[in-house]
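The structure appears below as structure tokens.
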Amino acid sequence: MKNKYSIFSIIKNAFSYNENWQRAWRDPEPKKEYDAIIIGGGGHGLATAFYLAKKHNMTNIAVVEKGWIGGGNTGRNTTIIRSNYLWDASAGLYDHALKIWEGLSQELNYNVMFSQRGVMNLAHNLQDVRDLKRRTHANRLNGIDAVWLNTEEVKKFCPIINTSPDIRYPVLGGTLQRRAGTARHDAVAWGYARGADAMGVDIIQNCEVKGIKRNGDSVEGVETTKGFIKTKKIGVVAAGHSSVIANMVDLKLPLESKPLQALVSEPVKPIIDTVVMSNAVHAYVSQSDKGELVIGAGTDAYVSYTQRGSHDVVEGTLKAILELYPIFSRMKMLRQWGGIVDICPDASPIISKTHIKGLYFNCGWGTGGFKATPGSGDLFAHTIANDEPHKLNADFNINRFVSGDLVDEHGAAAVAH
Amino acid sequence: MPNWNSAIKKIDVNDVVSVNLNHHSELFISEVEPIMKLNIRGKSRDFLSMIGKILNIILPTETNTSTTNKFITAIWLSPDEWLIFKNNVTNRGAEETNIEENLYKNISQKKLGSITNVSDQFVMINIQGKNLYELLSSGCPFNFNDFKNKKGAVTQTLLNHTDVIIYNEDINKINLFVRRSFSAHLWSWMNDSARFI
Amino acid sequence: MFLINCPYCGERDQSEFSAGGEAHIVRPKQPTELSDDQWAEFLFMRKNIKGVQFERWNHAHGCRKWFNMVRDTSNDKIYAVYKMGEKPPTK
Amino acid sequence: MGKTKPFLDFQNDSTANDIKLALREGFKSIEHVKRYTTTGMATDQGKLSNMHALGIIAETAGVKMGELGTTTFRPPYTPLTFGTIVGRNVGEFFDITRRTPIHDWHVENKAKFENVGQWKRAWYYPIDNENMHEAVQRESKAARDSAGILDASTLGKIDIQGSDASEFLNRVYTNAWSKLEIGKCRYGLMLNEDGMVYDDGVTTRLSENHYLMTTTTGGAANVLSKLEDYLQTEWPELDVYLTSVTDHYGTVSICGPNSKKILSKIIPDLDLSDKEFPHMSFKNALIDSIRCRVMRISFTGEHSYEINIQASYAKSVWEKCFEAGKEFNITPYGTETMHLLRAEKGFIIAGQDTDGTMTPVDLQMDWIISKKKYDFIGKRSLYRSDTIREDRKQLVGLITDDPKEILEEGAQIVAETNKQPVEMLGHVTSSYFSPNLNKSIALAVVKNGKKLKGQKMFVPMENKIINVTITDTVFLDKENKRLNA
């Protein structure tokens, strides 16, 4: 059993100059066989393993990660968490996640720094207003907190926004979810890893999957850089690289992988105490606990796995930032990076069985996967353990692309971040 | 006859705008009064020879080039698309209509290709001066190194995020074609940018 | 950001182009005879390759012509461009 | 060891001890150490601390420094200001502003503008201290009672020529085009390949192999690019050429019972009789000596004309129409009134009443899907298991029990009021107070709406519940008498 993190353990360890802290997770070599293998040691994959162990008693499982855990999109996003999605299915999914977020630090005994500072989405044209109001009404009826703010209320809530009617795309109002906010991305991966490890889950880093072995319609195991590992159930949670794994079994998914960029500024004193998103002009900003402005840019419009993107995307985002926050003009860009996101045609994820027995996919989160991490892990664990989806992810199956029953969060102009 | 109105707000078209802010800058930007412009499309040999016959010009088939005669210039837009424009400002009316109708009758109606009047689709802006390419480069991803020394060269590219066609008329002298609805904004941008070179 | 050699206009900045996804996915000539599965395959399912991929690009802000490209999506290296209707390079 | 604080990253206050602690806790990867201790994440980008950190890690773990690798270096090498990156692209230059050829007139006449994509469109024209509601009510009434004038120049216009032009239209629109007579206009709906409504507009057959297509304002560029894509990649065998003429023409639309009289003053030699120039047809004409095309088409349900004239002359022609219409109190109206007038007639706006999830059948526009055509873009998708469901969300009309109550666009519709959570059946897509009917009207999409006509529904607002009834989508002049009035 692991040390419990607490005020007492901090004091106790302080006396011994912090020499006696235990490892957060082990560093095991893979066993010959597991009951299930999760491919991908990001937040979603580690959460899946955690809930498989915790809720479904599957502890003889492994997470295999080709690099270091949390090194993919988990460590490359703008950490926005919200659940104000339009369609019932999405609202159900993301609010399930938000409810877990609200107790996650306690559940994991690990501070994920979840901060409910609110997320505000701005409207800049009349159709934006219609779409955001539609979403606000739908949220309210779905029991998700959402309020519409007029321009004055937007200004009051976040005074540094330029709400002048004379700017190119004036702020016509916005919708606010107060329960929404941000969390510390790395901590989420580490917390889940530590929790899963404590229940016996093997977290195997630097172990790249090279192939999936099949026997007819069933999976038999994975070929990795650390050898063959036998298993009957494989859950793929390799955001960005889902198609790479799918292509190993000749499975085509409705995905395109694209670089999504983000950047941070130098750290400054607290200036913005909420998250503001603006889909129409494409500017998303919040401030991290370290004081850096965390700014989300867009995706490039072509498939690429390069983990970098075009400069014009960054330029386009920053001009929108300065349009809305002229006060940031002298702020310095400190770091800029790109993550690879796989995007479904309807901007909704897939958490689903496949036609291959024992092979499950959790992918297609596009630009908005971080917020769903706990919910996604919980529902994917349910799907893997029971070979059946939970009712909250039933609509997010692969078959929807055949039937046409999409969960179209695009058309509804709900931003996917 | 209805009044003709410039696309470029508050600019008197006869008034050549010049920017000469510091000792080395020199730029003259002016809108060229309306001239006939036609978009012509076609693929076949018959099409090319018919155009030659009617306009007395050989359409350029080499990428990014143009041909010109006394009256008109033809610029290459793609393997089956050209923009032709008159070299001189003329009043609209019979002469212009005749050329267009003649082409339409012999090309469009004979199914050899298409003829579309785009006189007002594009606003033509003349820019000259030794700092011309500095202005263009401040908002354009195109590499003008070869272009600027090649009289008659043509390129389609972006200038300040706006689609433009640029025609090298002479050393440090170009004609720029921009869609009308974008033209006032681009004009304003050029005047702003010119202050910084 | 990279340069693309438009088969018609020559080398240009990528910002003049727009991407059209995987190449050589031909629209079925007789869609009504396809099953829902087969139609979905055409509509949505993609290989989304990490590595050398055949794809469609359009010189949207130039000659407006569509063409094909062979590009390594893992490093944006372009191996070939070829016109619509031409056979893809074999190597 | 332990008691001292050997600082490593002077900005982030991380020490050598922090690094060793990270290693003890299992944060082995160099990236984990960086993220756990924040070493190297300050404004120097690790230039001062990273090498030392690597040395300490190597020493502690007993490996060579070279084996550890480095963290990924992120641009820029030296932090630079947002302002430097953005340059002059703020304020006026934040985004392109597209203006119609009649823009200056709208400015001179104190129009309020709406941003539609990059376009500035006249939204409404307040007189004195009118607010938007008052201006729109006045404009809407004038357009139906006498005459209104609208700048429709922003509509996308595509010139289509070639011997296969008709076949091309057959493939891109849901309805049939081969038999459209020369000189006639037809409304068309364009779908995405997934069967959902994408764009709409009126296309005119100018001659045997020559059409002029109009698209929505916002859709123009995408439609042209999509059509080019099909032509070049799927159907290269078709002899068709597409040329954008959106900017070449200014479009002046005059509508209302007196529009005919006004047009006859502008173009006296044009026969405007219903027989010679019926609804959904076009004529070439001259205004003074300038050629123009006049379409008798209507987005308001009124007797109406659209004059397409070379853009340089559009403002002048607009002023001429205005002058000629003065005796009929011709009233300029903007996009808001246009939206209201079309809603009275139940005409959709692609992008407002549709959201990428509506098929033509959902819009109750089954009539526009040709039964004879073998194929068109999106046809196959209309027969998937989900798209053939009969209880999909469908476009309907809504009227409020209280005729003064105006529904909020985006408001949700439910059948029950005493349940939480309650099933949302649909939402209000368009809503206005109609001065011509003197009541509030709305368009909405409602699950199984086709079969629910006459049913009572509820629109739950934050602080009240509004009672509504599902109706037909056409509120005014169901017999289309006004078109020929």
Side-chain angles (χ1 to χ4, degrees), chain A residues 17-19 21-27 67-68 71 75 88 124-127 129-138 140-143 167-169 186 205 265-266 290 314-315 318-323 326 328-337 402-406 408 410-413, chain D residues 1-3 12 17 21 24-29 31-32 35-36 38 41-43 45 72 74-76 79-83 85-86 89-92 94-95 97 114-116 194-196 351-352 355-357 381 384-387 408-412 414 420-422 424 427 429 460-462:
Chain A
Y17 302 110
N18 294 318
E19 296 276 346
W21 286 109
Q22 287 182 358
R23 299 177 66 107
W25 55 83
R26 294 166 294 126
D27 198 10
W68 36 282
D88 294 354
H124 295 274
N125 59 50
L126 298 176
Q127 191 57 41
V129 173
R130 287 181 200 107
D131 290 337
L132 287 181
K133 282 195 172 167
R134 177 184 175 194
R135 185 139 71 81
T136 308
H137 285 294
R140 185 168 43 78
L141 294 177
N142 264 325
I167 64 173
R168 181 68 182 83
Y169 295 106
D186 294 322
Q205 301 186 73
S265 73
E266 60 192 331
K290 283 197 329 199
V314 168
E315 196 183 302
L318 284 179
K319 72 179 180 180
I321 291 285
L322 295 194
E323 181 76 352
F328 292 153
S329 176
R330 306 325 292 166
M331 291 286 287
K332 283 178 175 161
M333 176 166 94
L334 188 55
R335 283 190 305 279
Q336 170 251 321
W337 65 92
V402 175
S403 69
D405 189 13
L406 303 183
D408 197 337
H410 271 318
Chain D
M1 137 103 214
K3 291 181 198 175
N12 281 352
N17 293 346
L21 175 62
R24 279 200 298 283
E25 291 192 86
F27 294 89
K28 292 201 328 189
S29 159
E31 288 279 2
H32 278 159
R35 287 154 182 269
Y36 190 62
T38 73
M41 294 177 84
T43 53
Q45 286 257 47
T72 311
R74 303 290 178 198
L80 77 166
T81 63
F82 293 177
I85 295 168
V86 171
N89 292 317
V90 288
E92 180 192 350
F94 170 63
D95 194 16
T97 301
E114 178 189 359
N115 288 310
V116 183
D194 71 357
M196 303 302 154
Q352 178 171 341
D355 62 1
T357 68
S381 288
R384 294 177 296 169
S385 64
D386 191 67
T387 35
E408 184 166 281
E409 288 167 353
Q412 299 286 328
V414 301
Q420 250 299 0
V422 58
M424 287 171 258
H427 73 283
T429 59
M461 302 301 287
E462 227 164 351

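Residue numbers start from 1 in every chain, and the chains themselves are labelled A, B, ... in the order their sequence lines are given, proteins ahead of strands. Keep in mind that the numbers below use all heavy atoms, side chains included, and drop hydrogens, waters and symmetry copies.
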Minimum heavy-atom distance [X]-[Y], with the two atoms named:
| X | Y | value |
| --- | --- | --- |
| A:Trp68 | D:Ser29 | CG-OG, 3.5 Å |
| A:Ser265 | D:Phe82 | CB-CZ, 3.8 Å |
| D:Arg384 | A:Val402 | CD-O, 3.5 Å |
| D:Gln45 | A:Leu334 | NE2-O, 2.8 Å |

Leading residue by heavy atom contact count with chain A [cutoff under 4.5 Å; candidates [options]]:
| options | answer |
| --- | --- |
| D:Val90, D:Asn115, D:Val116, D:Asp194 | D:Asn115 |
| D:Met461, D:Glu92, D:Arg74 | D:Arg74 |
| D:Thr38, D:Asn12, D:Asn89 | D:Asn89 |

Interchain contact, [X] with chain A, by part (heavy-atom threshold 4.5 Å):
| X | result |
| --- | --- |
| D:Val414 | side chain |
| D:Thr97 | both |
| D:His32 | both |
| D:Tyr36 | both |
| D:Gln352 | both |
| D:Leu21 | side chain |

Are [X] and [Y] close enough that some pair of their side-chain heavy atoms sits under 4.5 Å apart?
| X | Y | value |
| --- | --- | --- |
| D:Met41 | A:Lys290 | yes |
| A:Asp408 | D:Met196 | no |
| A:Lys133 | D:Glu408 | yes |
| D:Thr43 | A:Lys332 | no |

To the nearest 0.5 Å, what is the distance between [atom1] on [X] and [atom2] on [Y]?
| X | Y | atom1 | atom2 | value |
| --- | --- | --- | --- | --- |
| A:Glu266 | D:Leu80 | CD | CG | 10.5 Å |
| A:Glu323 | D:Asp95 | CD | CG | 9.0 Å |
| D:Gln412 | A:His137 | CD | NE2 | 7.5 Å |
| A:Arg23 | D:Arg24 | CZ | CZ | 12.0 Å |

Let me know if [X] has heavy atoms under 4.5 Å from chain D in its side chain, its backbone, both or neither.
| X | value |
| --- | --- |
| A:Gln336 | both |
| A:Asp27 | side chain |
| A:Leu318 | both |
| A:Asp186 | side chain |
| A:Asp405 | both |

Do the side chain of [X] and the main chain of [Y] share a donor and acceptor less than 3.5 angstrom apart?
| X | Y | result |
| --- | --- | --- |
| A:Gln22 | D:Glu25 | no |
| D:Arg35 | A:Gly71 | no |
| A:Lys319 | D:Val86 | no |

Quick check for you: among [options], which has the greatest number of heavy-atom pairs under 4.5 Å with chain D?
| options | value |
| --- | --- |
| A:Gly67, A:Ser403, A:Ser329 | A:Ser403 |
| A:Ala138, A:Ala320, A:Gly143 | A:Ala138 |
| A:Val129, A:Leu126, A:Thr136 | A:Leu126 |

Can you name the salt bridge (charged side-chain N to carboxylate O under 4.0 Å, His left out) partners of D:Glu409, sequence neighbours left out?
A:Arg130

Which residues pass the side chain to side chain donor-acceptor pair (under 3.5 Å) test with D:Thr81, not counting sequence neighbours?
D:Thr84

